[in-house]
Amino acid sequence: MLSVRSWLRSFSDADEIMESEEMSIMGTKIVYNHRAIEKKWREKWEENPVNPKVDDNGKKKPKYYCLDMFPYPSGNGLHVGHWRGYVISDVWSRYKLQQGYYIIHPMGWDAFGLPAENYAIKMGVHPAKSTAENVANIKRQINDIAALYDWDMEVNTTDPNFYKWTQWIFVKMFKAGLAYEKEFPINWCPSCKTGLANEEVVNGKCERCGAEVTKKNLRQWMLRITKYADRLLNDLDKLDWPEKVKKMQTDWIGKSYGAEVDFPVDGRNEKITVYTTRPDTLYGATFMVLAPEHELAKSLATDETRDAVEKYIYDSSMKSNVDRMQDKEKTGVFTGSYAINPLNGAKVPIWLSDYVLADYGTGAIMCVPAHDDRDFEFATKFNIPIIQVIAKDGKEIENMTEAYTDASGTMINSGEWNGMESAVLKKEAPHIIEEKGIGRATVNYKLRDWVFSRQRYWGEPIPIVHCPDCGCVPVPEEELPLRLPDVESYEPTGTGESPLAAIDEWVNCKCPKCGKPAKRETNTMPQWAGSSWYFLRYVDNHNDKELVSREKADEYLPVDMYIGGVEHAVLHLLYSRFYTKFLYDIGVIDFDEPFHKLFNQGMITGKNGIKMSKSKGNVVSPDDLVRDYGCDSLRMYELFVGPPELDAEWDDRGIDGVNRFLKRLWNLLMDSKDQDIQPTKEMIRLRHKMVYDITTRLESFSLNTVISGFMEYNNKLIELAKKTGGIDKETLETIAVLISPFAPHFAEEMWEQLGHTETVFKAGWPTYDENEMKEDEIQIPVQINGKTRAVISISAEASKEDAIAAGKEAIADKLTGNVIKEIYVPKKIINIVMK
RNA sequence: GCCGCUGUGGCGGAAUUGGCAGACGCACUUGACUCAAAAUCAAGCGGGUAACACCGUGCCGGUUCGAGUCCGGCCAGCGGCACCA
C-alpha cells in the first residue's frame, strides 16, 4: 500500500487521485475516510472547543491539571517518539474530561539553552530567529496530534515577560542567601564551552554532547540546593511517583549518618577532622588519607617528602574526571606527618590520595583497612598495618584477603568497646565520641550545590551588578526583565567568559545601590532555570504583576499528573522540586511539591533499540503516517506498540493493524446504524463487560491493552452482527464514548452518525453493572492431575457436587485410577487428583 | 563493585488473588473474490506427531492438586550510581 502510494505521489495530482478513490462509494456503503473526517472535526473544534477556556470555567467543576514535559524547539522537528508522551497525556486529559473534569492541558517551549543555541550556530542564524522558526514548525506538528492544548496558555522561556520571573526568582534567592558566588574547579565541557552542574555530568561526560568533562577554575554562581536536601529527601514519601525515580533522587541526595572525628596532628598545634560512617571501627584506624586538594596537604610535607608530595598534588590536579575515575589502581604519597587517634593515642601516618574527594565530607578520612575495601586495597599496596576490630563469627579472620565490611559481629581490639555488638555500637559511637569531646555526630549528603552560571549567550542574563564598593547588587525587581542584549557574535568564547562580556555598553552600568560605575554579571542561567517553574506560569501567563496570582495558584495548582521521560529524574525533576519549595517558603504558592503524580513513558527507538537521531538516519516522522493513516490511527498505534512505561521499537508496519480495526469498526457502524437493532442479552452483556474492561485497564494505565481490548470487543461484536444483522445503538454509542480519548475524530463522527448533534465529549464516561456482566453458562476446564483433559460448559451457579459430577462425566474414559482428591474452584477449574 | 528493572512463538506483546500459557496485533501460509494485483473476506499459524501422547514462559531446585506468577540458588540483557569513606 505504502509503496503504491509513494509511486502515485510521484504524479503531481497524486493526492487528488487518492482522495477520490477513498471517497468512492462501494455499493451503498461509505468507506472510512480519515482525511475527510479529521479535517471536518478539526474545523468544528476550532469553532467550538470541547474543553472550555479557563475564564469560562464555572469554578464548581473539579479541575484536572495534566502536563507533559514541554519540548525544546529543535530544528529537526518531532518524530514518532515525541508523539507518545503527548498522546498519553492527551488520552488521560480526554478521559478526565469525559469524567466531568475541567482540563488544564497547556503546552509551551523550553527555548533557551544549548540545543537551541547550538542549532543556531550550526545554521549560522541568530538563535532568536531559528528558535521562532522551530517553534512555528513544531507547533504545526503538535497540532497534528489533535491534543486538547489550550494555546492561550502557551509559555516560552525566551519571552521577556516569562524570563522576567525567572530572573525575579533568582533575585529572591540571592536575597535569601541561596544564590552565592564561589570560585573553585568546576566541571567544564570543552565542546559546549561552558561550566556544568554536577547533575549534567554523566559518567564523566557532558550530558548534552557526550564530550569528556574537564575541570576549570572559575568564578561561579551557585544555588544552595543542599540547604533543601532533607526536605527534598523526606517529601518524596508523599509523592505518587514511580519508585525508580524516587530511588534515583534518594541516591542522588545520598544522605548518610556518621560522625566527624578530630585527629590532632602529631607535634603541631593543628587537627584534621575526618568524616566517617563507621565510627565503631575507630580503634582499627591505622592511617589517614587527605584529598590532594585538602588545605593542609602541602604543609604536612617534611623536607624528605616535599618533592614527592608537591608532585602528587600537581599530577592530581592535571587529571580529568574520567582519568581519575578510571584509575584502577590506587595511588598515593606519604606526607611524612602523623596524626594521633584521639581515642587510643595511636600514631597513624597521614597520606595523600586522589581516591579521597575534596568536596565531600571534610576532604579527609580515617582509614580502617580491615573493614573497608578501598582502605584495604590501599593498605595492602603500601604495606600499612591492618587491625581487625570486628570479629566475624566470633573470631578474627586469618590471612585476610579482603576487607570484612559487614557491620555485624563483636568488637575486638577496641579497648572499652570490646564485646559490644558492632551494629549497636555503629549507632551509639557518634554520641560516645561527642561526649568524649573528640568529635560529633553528623550527617552528610552526596548532593552538591548547583553550579548555576553558563558561559553562553542564549540564556537568561543573571540580574546582578558587580560594584567595586557594594559588591554584588541585584538588579531592582521593578527593573526586570533584564533583557538579553542583541549581539553580533554569540558563539561561545571558551575562555570562561560569556559572549555578553564583549558588549561594553551592556556590561558597563551604574550600581543600583550607590550609583557609581559598575559592571554587569555576564554569565547566563542554565536551561533548567526556566523549566524549573514554567508549570506554575501556564495558569496565569498574562499576569504582569506577579509570577502567578495566589488566587489562581490556589485554584489550579499543583499539577495532578506529570508525564515525561526518566532522563529527567535527577535533573529537571529535582530542580523543579527545589524551586517549588523555595517559592512556597517565600509565600508565592501554598504547596511545596510541583507534581502530585508522575508517569515516566518509555522511549520509542528505532530498530534494535537504537535511539532515533538524525545522525543514525533512523528517525520516523509522524507527518507521512498522519497523511496515509490518519491522526486517530497513529494515536492508537503509539499506545498499541507496547506498555507505555517501557521502551518500544518502532515498526511502521504495525500501524496497519489499528487502521484495519478502525475500518472494521466503521463498517460495523455503517451496517448497523439505520437498522434499529434490538439489543440481545449477549450484546448487553458485552457492552457492560467492555465498559468494565476498558475502564479498569485505563485506570491502571495499561494503555496498550486498552487498544487490544477495543479490538477484541470489536471482533466479538462483528461475529454477533453476522447473526443479528447489526449491533444495537446503545452499544455503538458506548463504543464512541469509550474510544473518544483515543481516536477523537473517529468518535465524534461515529457519535454524529448515530444521530447526535452535540460533541461526544459531553457524553460522560459510561458506567457498567456487574450483574449485567454475568454469564449463565461458563466454559470450564477439567483437569486430571493438573493437565487439562476436557472443557465443559456448566451453569455459573453450579454447586461443587454438580460441577464435579459433570466434569467426571466428560472425562469418564480417562478415570482409570483411584481418585484421591477433587478440586473445584468456582468458575475457574475442576481438577481430579488420581493415583 | 553496589542498587534497580527485565527475560514468554519469527516479531511487538496478553495472562485480577497461583487456575485452559501465547489474548490482541504484525509477519507468514492457504483459500474466496479478480484477467491479474491491491484491498477485503474466510481458514491456519510454539515445538512435536499420520493423529494422539508428549515437550514448552532464561537455567537448576523447592512449595502446591495446580507455578509465567510464590520461595531458594544461578545465568543473561538493560538502566542508575560509581572510590561519597
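- Remark: B:A21 base-pairs with no nucleotide in the shown strands. Criterion, Watson-Crick or G-U wobble with two distances under 3.5 Å.
- Pairing for B:A76 goes to B:U6, judged as Watson-Crick or G-U wobble with the two contacts each under 3.5 Å.
- Residue-level contact check: A:Asn715 touches the backbone only, with heavy atoms under 4.0 Å from sugar-phosphate atoms and none from bases.
- Looking at heavy atoms from C-beta onward, A:Asp373 lies out of side-chain contact with A:Glu377 at the 4.5 angstrom threshold.
- Between A:Tyr637 atom OH and B:G25 atom C1' there is a gap of 9 Å when expressed in whole angstrom units.
- Contact annotation: side chain of A:Lys330 to base of B:C83, donor-acceptor pair present below 3.5 Å.
- Comparing B:C41, B:A15, B:C3 by their nearest atom to the side chain of A:Thr705 picks out B:A15.
- One C1' atom belongs to B:U57, the other to B:A14, and the distance between them is 12 Å to the nearest Å.
- Between A:Tyr32 and A:Phe746, the angle of the ring planes goes over 60°, which puts this pair in the perpendicular group of the 30/60° scheme.
- Contact annotation for A:Val641: backbone-only contact, meaning every heavy-atom pair under 4.0 Å involves sugar-phosphate atoms and none involves a base.
- By the 30° and 60° cut-offs, the orientation of the rings of A:Phe378 relative to A:Tyr355 is tilted.
- Nucleotide B:G56 carries an anti base; the chi torsion (O4'-C1'-N9-C4 or O4'-C1'-N1-C2) is more than 90° from 0.
- Residue A:Arg660 places at least one side-chain N or O under 4.0 Å from the OP1 or OP2 atom of B:U40.
- Atom P of B:C78 sits at a distance of 34 Å from the matching atom of B:U29, rounded to the whole Å.
- Looking at the side chain of A:Lys247, the nearest of the listed nucleotides B:C3, B:C55, B:C81 is B:C3.
- Using the Watson-Crick or G-U wobble rule with both distances under 3.5 Å, B:C70 pairs with B:G62.
- The distance between atom CG of A:Asp406 and atom P of B:C2, rounded to the nearest whole Å, is 12 Å.
- For B:C2 and B:C71, the C1' atoms lie 24 Å apart once the distance is rounded to whole Å.
- The nearest whole Å value for the distance from the NZ atom in A:Lys663 to the C1' atom in B:A38 is 11 Å.
- OP1 or OP2 of B:G25 has at least one side-chain nitrogen or oxygen of A:Arg664 nearer than 4.0 Å.
- Looking at heavy-atom distances under 4.0 Å, A:Thr696 makes no contact with the nucleic acid at all.
- A:Lys446 comes within contact range of at least one nucleobase, with a heavy-atom separation under 4.0 Å.
- The partner of B:G46 is B:C55, judged by Watson-Crick or G-U wobble contacts that both fall below 3.5 Å.
- For the residue pair A:Glu199 and A:Tyr575, a side-chain donor N or O sits within less than 3.5 Å of a side-chain acceptor on the partner.
- Pair assignment for B:C41 gives B:G31, based on Watson-Crick or G-U wobble hydrogen-bonding distances that are each under 3.5 Å.
- A residue-by-residue look at A:Lys821 and A:Pro643 shows that A:Pro643 has its nearest nucleotide of RNA chain B further toward the 5' end.
- A donor atom on one side chain and an acceptor atom on the other are found under 3.5 Å apart for A:Thr226 and A:Asp449.
- B:A76 and B:C28 are spaced 36 Å apart, taking the P atom of each and rounding to whole Å.
- Between the P atoms of B:C60 and B:U69, the separation comes to 13 Å (whole Å).
- In this structure, A:Lys607 reaches neither bases nor backbone, as no heavy-atom distance under 4.0 Å exists between it and the strands shown.
- Considering only heavy atoms from C-beta on, A:Arg627 comes within 4.5 Å of A:Arg35 through its side chain.
- For B:G22 and B:G47, the P atoms lie 14 Å apart once the distance is rounded to whole Å.
- Residue A:Thr788 has its side chain nearest to B:C20 when only B:C20, B:G25, B:C83 are considered.
- For A:Asp647 and B:G7, the CG to P distance is 14 Å, given to the nearest whole Å.
- The A:Ile829 side chain lies nearest to B:C20 when the options are B:A85, B:C81, B:C20.
- Pairing of B:U16, defined by two Watson-Crick or G-U wobble distances under 3.5 Å, is not identified with any nucleotide.
- For A:Tyr355, the listed nucleotide lying nearest its side chain is B:A85; candidates were B:G4, B:A14, B:A85.
- Using a 4.0 Å heavy-atom cutoff across all strands shown, A:Glu649 reaches no nucleic acid atom at all.
- With both ends at atom C1', the span from B:G58 to B:U8 equals 10 Å, rounded to whole Å.
- Taking atom CD of residue A:Glu638 and atom P of nucleotide B:C26, one finds them 17 Å apart after rounding to whole Å.
- Taking atom CG of residue A:Leu357 and atom C1' of nucleotide B:C81, one finds them 13 Å apart after rounding to whole Å.
- Rounded to the nearest 0.5 Å, atoms NZ (A:Lys330) and OG1 (A:Thr380) are 11.0 Å apart.
- At the heavy-atom level, A:Asn831 lies under 4.0 Å from base atoms of the strands shown.
- B:G13 and B:U64 have their C1' atoms separated by 29 Å, given to the nearest Å.
- For the pair A:Asp375 and A:Val570, both in contact range of RNA chain B, the more 5′-proximal nearest nucleotide belongs to A:Val570.
- Distance, A:Met670 CE to B:U40 C1': 17 Å, rounded to whole Å.
- Within the 4.0 Å cut-off from OP1 or OP2 of B:A14, at least one side-chain nitrogen or oxygen of A:Asn704 is found.
- Note: A:Arg635 CZ to A:Trp83 CH2 = 7.5 Å, rounded to the nearest 0.5 Å.
- Taking only side-chain atoms of A:Lys244, from C-beta outward, the nucleotide of B:G79, B:G25, B:A85 with the closest atom is B:G79.
- In this structure, A:Ile794 places its CD1 atom 14 Å from C1' of B:G19, rounding to the nearest Å.
- When the nucleotides B:G66, B:G13, B:C54 are ranked by their closest atom to the side chain of A:Arg789, B:C54 comes out on top.
- Remark: of the listed residues A:Ile365, A:Thr442, A:Val443, A:Thr442 is the sole one forming a side-chain contact (heavy atoms from CB on, under 4.5 Å) with A:Tyr275.
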